[in-house]
Amino acid sequence: MKKSALVLLSAVFSALLLCACGGHASDDSVPPRPNVAPYANAGTDQSVIGGSTVTLDGSASADTDGAVVSYAWTQTAGPAVTLATTNTATTAFTAPGVATPTPLTFSLVVTDNMGAASAADTVTVTVNPPTAGTITGAVRFMRIPTSDNGLDYAGQQFASARGVVVQAVNATTDVVISSGETSFNGTYVLQVPASQPVRVIVYAQMSRQAPQALPHWNFQVIDAQSGDATYSHDDGVVLDTSAPVTHDIDIASGYDSAGTPTGTRDSAPFAILDTVYKARQLVLGVQPTADFPALNLDWSVLNPGSNTYFQDDTIVISGDATEDTDEFDEHVLAHEFGHYIEANFSRGDSLGGPHALGDELDIRVAFSEGFGYAFAAMVLNDPVMRDTYVGTGNVCPNNQCTFAFNVEDNPAELPAQAVPAGNVACYCSESTVWSLLWDVYDSAADGPDNVALGFGPMWTVLTNEQRTAHAFTSLFTFMSALKNRNPASGNALSTLIDSQNTNGGAIEPYASNETYFPPPSTSGGILPIYANITVGGGPVVVSVVDDHGTENKLGNARFLKFTLQQPTTITISASSTGGDADFFVYRDGAFVDEGFSFDNPEQITMTSAPAGDYVIEVNEYSNITGNGTGDFDITVQVQ
């Protein structure tokens, strides 16, 4: 056979193989596969008692070639009820009171990520009249609103106690007979044996735990001054359950309209818990199956004023009414719940410590505090943060004072050489952080703000890149991840970040492109934010400064970074011209070792240090404790 014939046969055979394997010269020749519409699943039919809380669950809806991205619930038959939400996978309503069995029908339509809508699926809820042994009612607590002049005692009004635990107990023995929780509008239903005298007790606790399906939570207001007892309200009324009975419970504030005490402050724990309810709902809106770690909210009339904070699994809340009490200051409470969220769902590297409007803070502190205030504004859908307190010497009307600011207001941008006058834009400012996060969240276009992403994209970054960042958590880690995940908004985000004395166009986790340093510091006291250091590459000198204060302020600590490609034994040393250098070593964002003593130089050896990205935080001890101040050079070496 001739060579030309062999070539021809080879070409034909190759073409046949190509056809047999489904190959083609270009992807453009294959028409796109049509999108398959999702299908809705509104859940199984239910039978309930009038007055009970009914949950509709559409989470079994699915899309075979994509994802369900939106839900739409509507009621199509029966007496009208109010759904808690209409655009989430699950929703709830309070069943109406009825005299005969009454069906209610609901329809669910879902939409996929390509914009295709499903056919409607329906679920029927049959509401039955209560029988003997059924207790229904509503629980309310008195809320005292905040104003520009402290707490508005004249404007106090009842609000629904939502999602709290209620129990029916034997009126004589106090043995628990039945337990439940109030609905999103404060109603409850308890079923007990007929003809048994009972009392209903309301607990300052919200609880949903295994074996119930996710989401889970256990939030309770306790009194650490009294053995961590959970607050409760028992009005002492004995109920006769030989027939259906309605029992509404109102929990008083303990103040009259002039702010004069009239009794115990019973409504305080329930006001605290209601703010937590709002914060929980914001999270559930973007993560319906969230698993909240248990949280105690420690409130007491003996808790010192101006001392509300989050630590470990507890938020400690000021209760001293003669100085500062925070049970009705919702922004303060939601801010601390934001720290709880950061600690448990994301990661917060903040040092803590004092911070005030206009402070130039350590970048870790600035982000954590700024996030807390922005989160509170999102929870309450109110950008005006208010913290009430009691003044002295007639500094405020009737000594009722309010500290307030608006997270919508962006701090002023000033050039690097300008003398600061108050609150100045900076990656080191909690004001910059909270204003940027609020701008990302809200839908209003003002000034440089042309971004309206809502909470969902921010939650995605918080629970992913921010949680696993190898650099310390800061505006740099958060905003760079947000830009990467939302390229369509990239330019608008860059413009927004640029307006706050921060390089938005080239932002990245280690801030390697940042050039701004706030006065009165010089560049060498602040930049680079992360200095490069090489194993065996010789010493690196960084300056620590007290120009912006001490303890947790910008420049008190400096950061160096290096990478190990494989496990290696390394020795790290640091010496300060101030006489007491300390350092802390992190790998891939997690603490691994420290040089923390009164030695100078400070030195440690890490045997077979694992591969990874390392960050060293160095400081002069006197600047961190505030016992002494100054600018010092610290020499660091990794060998």
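For reference, positions follow the sequence shown, starting with 1.
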A.B. asks: Do any N or O atoms from the side chain of Lys483 and from the backbone of Gly504 form a donor-acceptor pair under 3.5 angstrom?
C.D. replies: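 Flag set: sc Lys483 to bb Gly504 pair under 3.5 Å.
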A.B. asks: Do Leu436 and Leu475 come close enough that some side-chain heavy atom pair is under 4.5 Å?
C.D. replies: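 They are in side-chain contact.
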A.B. asks: At what distance, to the nearest 0.5 angstrom, does CD1 of Ile497 lie from OG of Ser480?
C.D. replies: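 If I round to the nearest 0.5 Å, the distance is 8.5 Å.
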A.B. asks: Between Asn41 and Gly43 (side chain of the first, backbone of the second, donor and acceptor by atom type, cut-off under 3.5 Å), is there such a pair?
C.D. replies: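 It does hold such a pair.
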A.B. asks: Does the Arg347 side chain pair with the main chain of Ala469, one donor and one acceptor, at a distance under 3.5 Å?
C.D. replies: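 Here the side-chain-to-backbone pair exists.
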A.B. asks: So which heavy atom on Gly51 is nearest to which on Thr94, and how close?
C.D. replies: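 Where Gly51 meets Thr94 most closely, the heavy atoms are O-CG2, 3.7 Å.
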A.B. asks: So Thr91 and Thr55, side chain to side chain contact (heavy atoms under 4.5 Å, CB included) or not? Walk me through it.
C.D. replies: CA-CA 6 Å; Thr91 187; Thr55 299; over 6 Å; no
A.B. asks: Is any side-chain heavy atom of His331 less than 4.5 Å from a side-chain heavy atom of Asp382?
C.D. replies: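 The answer is yes; the side chains approach within 4.5 Å.
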A.B. asks: Rounded to the nearest 0.5 Å, what separation is found between the CG atom of Asp248 and the CZ atom of Arg140?
C.D. replies: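 It comes to 7.5 Å.
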A.B. asks: Ser118 side chain to Val110 main-chain N or O, any donor-acceptor pair under 3.5 Å?
C.D. replies: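 Yes; at least one donor-acceptor contact below 3.5 Å.
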A.B. asks: Ser59 and Asp57: side-chain donor and acceptor closer than 3.5 Å?
C.D. replies: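 Ser59 vs Asp57: donor-acceptor pair found between side chains.
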A.B. asks: Is there a side chain to side chain contact (heavy atoms under 4.5 Å, CB included) between Trp217 and Leu284? Walk through the geometry before answering.
C.D. replies: CA-CA 11 Å; Trp217 54 78; Leu284 291 177; 3.9 Å; yes
A.B. asks: Taking the side chain as everything from C-beta on, heavy atoms only, tell me whether Arg386 gets closer than 4.5 Å to Asp148.
C.D. replies: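 Yes, at least one pair of side-chain atoms sits under 4.5 Å.
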A.B. asks: Stepwise, does the side-chain hydrogen bond (donor to acceptor under 3.5 Å, both in side chains) test hold for Asn128 with Ser47?
C.D. replies: CA-CA 7 Å; Asn128 299 294; Ser47 181; 2.8 Å; yes
A.B. asks: What closest approach, in Å, do Asp274 and Ser160 show between heavy atoms, and which atom pair accounts for it?
C.D. replies: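 It is OD1-O, 3.7 Å.
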A.B. asks: Counting C-beta onward and ignoring hydrogens, is there a side-chain heavy-atom pair between Asn464 and Arg485 closer than 4.5 Å?
C.D. replies: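 Asn464 vs Arg485: side chains touch.
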A.B. asks: Donor-acceptor pair, Asp121 side chain versus Ala42 backbone, under 3.5 Å?
C.D. replies: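 Yes; judged by distance alone, with no hydrogens or angles, the pair exists.
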A.B. asks: Below 6.0 angstrom between ring centroids: does that apply to Phe292 and Phe219?
C.D. replies: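 Ring centroids of Phe292 and Phe219 are less than 6.0 Å from each other.
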A.B. asks: Say whether Ser318 and Thr308, considering side chains only, have a donor N or O and an acceptor N or O under 3.5 Å apart.
C.D. replies: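 Judged by distance alone, the side chains do pair up.
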A.B. asks: Strictly distance-based, threshold 3.5 Å: is any side-chain N or O of Arg208 a donor or acceptor partner for the main-chain N or O of Ala213?
C.D. replies: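 Between the backbone of Ala213 and the side chain of Arg208 there is a qualifying donor-acceptor contact (under 3.5 Å).
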A.B. asks: Which pair of heavy atoms, one from Leu104 and one from Val81, lies closest together, and at what distance?
C.D. replies: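 That closest heavy-atom pairing would be CD2-CG1, 3.6 Å.
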A.B. asks: Please assess Ser253 against Gln156 for the test side-chain hydrogen bond (donor to acceptor under 3.5 Å, both in side chains), listing each intermediate value before the final yes or no.
C.D. replies: CA-CA 8 Å; Ser253 69; Gln156 59 183 301; 2.7 Å; yes
A.B. asks: Can a side-chain donor-acceptor contact be found between Ser183 and Thr187 if the only test is distance below 3.5 angstrom?
C.D. replies: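 Side-chain D/A pair, Thr187 to Ser183: present.
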A.B. asks: Can you find a pair of side-chain heavy atoms, one from Phe337 and one from Leu297, that are under 4.5 Å apart?
C.D. replies: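 A side-chain contact under 4.5 Å is absent here.
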A.B. asks: Got a donor-acceptor contact below 3.5 angstrom from the Asp312 side chain to the Thr314 backbone?
C.D. replies: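 No.
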A.B. asks: Answer with yes or no whether the side chains of Asp240 and Ser242 bring together a donor and an acceptor at under 3.5 Å.
C.D. replies: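 Short answer, yes.
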A.B. asks: Would the number of heavy atoms belonging to other residues, nucleotides or ligands and lying under 6.0 Å from CG of Asn491 be above 12?
C.D. replies: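 No, not enclosed.
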A.B. asks: Do you see a donor-acceptor pair shorter than 3.5 Å between the side chains of Asp112 and Asn35?
C.D. replies: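 The answer is yes; a qualifying pair exists.
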A.B. asks: Just verifying a value: how many Å separate Asp326 CG and Thr388 OG1, rounded to the nearest 0.5 Å?
C.D. replies: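 Answer rounded to 0.5 Å: 6.5 Å.
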A.B. asks: Between Asn406 and Glu408, is there a donor-acceptor pair closer than 3.5 Å when you use the side chain of the first and the backbone of the second?
C.D. replies: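 The answer is yes, because a donor-acceptor pair under 3.5 Å joins these two groups.
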A.B. asks: Ion pair present between Arg199 and Asp174, side-chain N to carboxylate O less than 4.0 angstrom?
C.D. replies: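 So Arg199 pairs with Asp174 through a salt bridge.
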A.B. asks: Using the ring centroid of each side chain, check whether His339 and His335 are separated by less than 6.0 Å.
C.D. replies: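 When the ring centroids of His339 and His335 are compared, they turn out to be within the sub-6.0 Å range.
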A.B. asks: Within the side chain of Thr402, is there an N or O that forms a donor-acceptor pair under 3.5 Å with the backbone of Ser147?
C.D. replies: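 Yes.
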A.B. asks: For Ser346 and Gln466, what are the C-alpha separation, side-chain angles and deciding distance, and is it a side-chain hydrogen bond (donor to acceptor under 3.5 Å, both in side chains)?
C.D. replies: CA-CA 6 Å; Ser346 183; Gln466 192 80 343; 5.4 Å; no
A.B. asks: Supply the atom-to-atom distance Gln500 CD to Met479 CE, rounded to the nearest 0.5 angstrom.
C.D. replies: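 Separation between the atoms: 9.5 Å.
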A.B. asks: Indicate yes or no for a side-chain donor-acceptor contact from Ser494 to the backbone of Gly490 under 3.5 Å, with no hydrogens or angles considered.
C.D. replies: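 It does hold such a pair.
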A.B. asks: Measuring from atom CD of Glu336 to atom CZ of Phe310, what distance do you get when rounded to the nearest 0.5 angstrom?
C.D. replies: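 One gets 9.0 Å once the value is rounded to the nearest 0.5 Å.
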A.B. asks: Give me the one residue out of Phe405, Phe375, Phe367, Phe371 that meets ring-ring contact (aromatic ring centres under 6.0 Å, His included) with Trp434.
C.D. replies: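 Running ring-ring contact (aromatic ring centres under 6.0 Å, His included) over Phe405, Phe375, Phe367, Phe371 with Trp434 returns exactly one hit, Phe405.
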A.B. asks: Without hydrogens or angle criteria, can the side chains of Ser368 and Glu342 be said to hold a donor-acceptor pair below 3.5 Å?
C.D. replies: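 A pair is found: one side chain offers a donor N or O, the other an acceptor, under 3.5 Å apart.
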A.B. asks: Measure the CG-CG distance between Asn450 and Asp439 for me, rounded to the nearest 0.5 Å.
C.D. replies: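 Going from CG on Asn450 over to CG on Asp439, the span is 10.0 Å.
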A.B. asks: Report yes if some heavy atom in the side chain of Arg143 is under 4.5 Å from a heavy atom in the side chain of Phe158; otherwise report no.
C.D. replies: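 No. Closest side-chain heavy atoms not under 4.5 Å.
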A.B. asks: When you compare the side chains of Thr289 and Gln287, does any donor N or O come within less than 3.5 Å of an acceptor on the partner?
C.D. replies: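 No, because no side-chain N or O of Thr289 sits under 3.5 Å from a partner of the opposite role on Gln287.
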A.B. asks: Carefully, step by step, assess Ile251 and Ser267 under the rule side chain to side chain contact (heavy atoms under 4.5 Å, CB included).
C.D. replies: CA-CA 5 Å; Ile251 305 172; Ser267 75; 4.2 Å; yes
A.B. asks: Taking all heavy atoms of Val189 and all of Ser52, pick out the closest pair and write down the distance.
C.D. replies: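 Closest approach of Val189 to Ser52: CG2-N, 3.1 Å.
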A.B. asks: Is any side-chain heavy atom of Met458 closer than 4.5 Å to a side-chain heavy atom of Tyr441?
C.D. replies: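 SC-SC contact between Met458 and Tyr441 confirmed.
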A.B. asks: Please report the C-alpha distance between Thr44 and Gln46 in whole Å, then the side-chain angles of each, then the deciding distance to 0.1 Å, and finally whether the side-chain hydrogen bond (donor to acceptor under 3.5 Å, both in side chains) criterion is met.
C.D. replies: CA-CA 6 Å; Thr44 58; Gln46 303 180 51; over 6 Å; no
A.B. asks: Determine whether the side chains of Thr88 and Thr85 contain a donor N or O and an acceptor N or O closer than 3.5 Å.
C.D. replies: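 Per modelled atom types, Thr88 and Thr85 side chains form a pair under 3.5 Å.
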A.B. asks: Taking the six-membered ring for Trp, are Tyr231 and Trp299 ring centroids under 6.0 Å apart?
C.D. replies: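 That pair passes the under 6.0 Å test.
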A.B. asks: Do the non-hydrogen side-chain atoms of Glu181 and Val166 ever get within less than 4.5 Å of each other?
C.D. replies: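 Contact flag for Glu181/Val166 side chains = no.
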A.B. asks: Judged by modelled atom types alone, do Thr126 and Asp45 share a side-chain donor-acceptor pair under 3.5 Å?
C.D. replies: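 No - no donor-acceptor pair under 3.5 Å links their side chains.
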A.B. asks: Under the side chain to side chain contact (heavy atoms under 4.5 Å, CB included) criterion, do His233 and Ile249 qualify, and how do the steps go?
C.D. replies: CA-CA 9 Å; His233 179 80; Ile249 300 171; 3.7 Å; yes
A.B. asks: Grab the two heavy atoms, one from Val164 and one from Leu273, that are nearest each other, plus how far apart they are.
C.D. replies: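 Of all heavy-atom pairs spanning Val164 and Leu273, the closest is CG1-CD2, 3.8 Å.
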A.B. asks: Can you see whether Gln220 engages Thr230 through a side-chain donor-acceptor pair at a distance of less than 3.5 angstrom?
C.D. replies: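 Yes, because at least one side-chain N or O of Gln220 sits under 3.5 Å from a partner of the opposite role on Thr230.
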A.B. asks: Provide the closest heavy-atom pair for Phe184 versus Leu83 in the form atom of the first, atom of the second, distance.
C.D. replies: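 Nearest heavy atoms, Phe184 then Leu83: CZ-C, 4.4 Å.
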